[in-house]
Amino acid sequence: GQNIDQPTEMTATEGAIVQINCTYQTSGFNGLFWYQQHAGEAPTFLSYNVLDGLEEKGRFSSFLSRSKGYSYLLLKELQMKDSASYLCAVKGFNKFYFGSGTKLNVKP
Amino acid sequence: ETGVTQTPRHLVMGMTNKKSLKCEQHLGHNAMYWYKQSAKKPLELMFVYNFKEQTENNSVPSRFSPECPNSSHLFLHLHTLQPEDSALYLCASSPRSSVGTDTQYFGPGTRLTVL
């Protein structure tokens with residue numbers, strides 16, 4: 001079966017760095033995606049990894065290790081507006097499998 | 001309008017009602033999706049359409065009936081729902097569903113409450 005695991009909730013301080021981990025077991029792999037979802041809003045695309053390594057996009061970076069079935073999303077210089085849920089998703093043969101999401105609370 | 005839109009944003013219905021959710025994408029995509037999002041659970045894929053043809057039905061009960069008249073519009077017809085069907089229903093689109101690098105763009109969702 002398909003399995004995507006990520007922590008339920010994390011808390012971090014404004015200005016700090018936080019790492020959100022995701023482990024996966026899926027049939028077929030065509031990439032790993034991270035989405036951000038603010039309460040009551042649509043998920044929005046953050047990053048995509050298909051090869052091993054680190055992808056950097058401003059304050060956000062995402063890492064992938066396909067052999068370990070592992071990814072993380074790194075958020076630097078945290079801001080209050082980064083308080084949201086972060087969804088890890090794996091693209092299988094032709095559909096996405098989502099984790100339950102990690103709710104990130106950023107405190108002053 | 002840009003992106004993916006959904007109407008209504010909120011819906012309250014009784015178990016004997018019939019209602020429809022509408023999704024429209026203005027991105028020129030060819031694949032559209034319905035997802036169900038319940039509290040503290042992963043997004044559950046319900047249906048996938050590619051070029052108006054249904055390519056995925058993820059064992060969804062027949063009280064949910066999708067319709068895709070063209071690549072830009074997707075409907076979800078609801079009838080005789082149960083209280084456990086209360087959730088956020090998200091529509092998404094992507095250029096194509098079969099290409100790995102194509103990401104999905106989500107609409108704002110319809111918050112459905114079944115009484």
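The figures here come from the full heavy-atom set of this structure, side chains too, leaving out hydrogens, waters and symmetry mates. To find a chain, count down the sequence lines: A is the first, B the second, and so on, and within it residues start at 1.
Residues A:F96 and B:Y35 keep their aromatic ring centres 6.0 Å or farther apart. When ring centroids are compared, B:F106 and A:F45 stay outside the 6.0 Å threshold.
Looking at A:Y97, there are no atoms closer than 4.5 Å to chain B (heavy atoms on both sides), in backbone or side chain. For A:I4, no part sits under 4.5 Å from any heavy atom of chain B, backbone or side chain. With a threshold of 4.5 angstrom between heavy atoms, B:R9 approaches chain A through side-chain atoms but not through N, CA, C or O. At a 4.5 Å heavy-atom cutoff, the contact between B:Q104 and chain A is made by backbone and side-chain atoms alike.
Separation of atoms CD (A:Q37) and CG (B:L88) is listed at 7.0 Å; rounding is to 0.5 Å.
Using a 3.5 Å distance cut-off with no hydrogens or angles, the side chains of B:Y105 and A:T44 do not pair a donor with an acceptor.
Across B:G107 and A:A42, no two heavy atoms sit closer than the pair O-CB, 2.8 Å.
In the hydrophobic clustering of ILVMFWY residues, with side-chain heavy atoms under 4.5 Å counting as a link, B:L81 and B:F75 come out apart. Each of B:Y49 and B:F51 belongs to its own hydrophobic cluster when Ile, Leu, Val, Met, Phe, Trp and Tyr are linked at side-chain heavy-atom distances under 4.5 angstrom. Linking Ile, Leu, Val, Met, Phe, Trp and Tyr residues whenever their side-chain heavy atoms come within less than 4.5 Å places A:L75 and A:M80 in a single cluster. Residues B:V12 and B:L76 fall into different hydrophobic clusters, defined by Ile, Leu, Val, Met, Phe, Trp and Tyr side chains chained together at heavy-atom separations under 4.5 Å.
Each of B:L90, B:N58, B:L43, B:L45 has some count of heavy-atom pairs under 4.5 Å with chain A, and the biggest count is that of B:L43. Looking only at heavy-atom pairs under 4.5 Å with chain B, the residue among A:P43, A:A89, A:S85 that has the most is A:P43.
Within 6.0 Å of CD on A:E77 lie no more than 12 heavy atoms contributed by other residues, nucleotides or ligands.
In the hydrophobic clustering (ILVMFWY side chains linked at under 4.5 Å, chained through shared members), A:Y70 is joined by A:I17, A:L54, A:F63, A:Y72, A:L74.
Taking the side chain as every heavy atom from C-beta outward, A:F98 and B:E44 never approach each other to under 4.5 Å.
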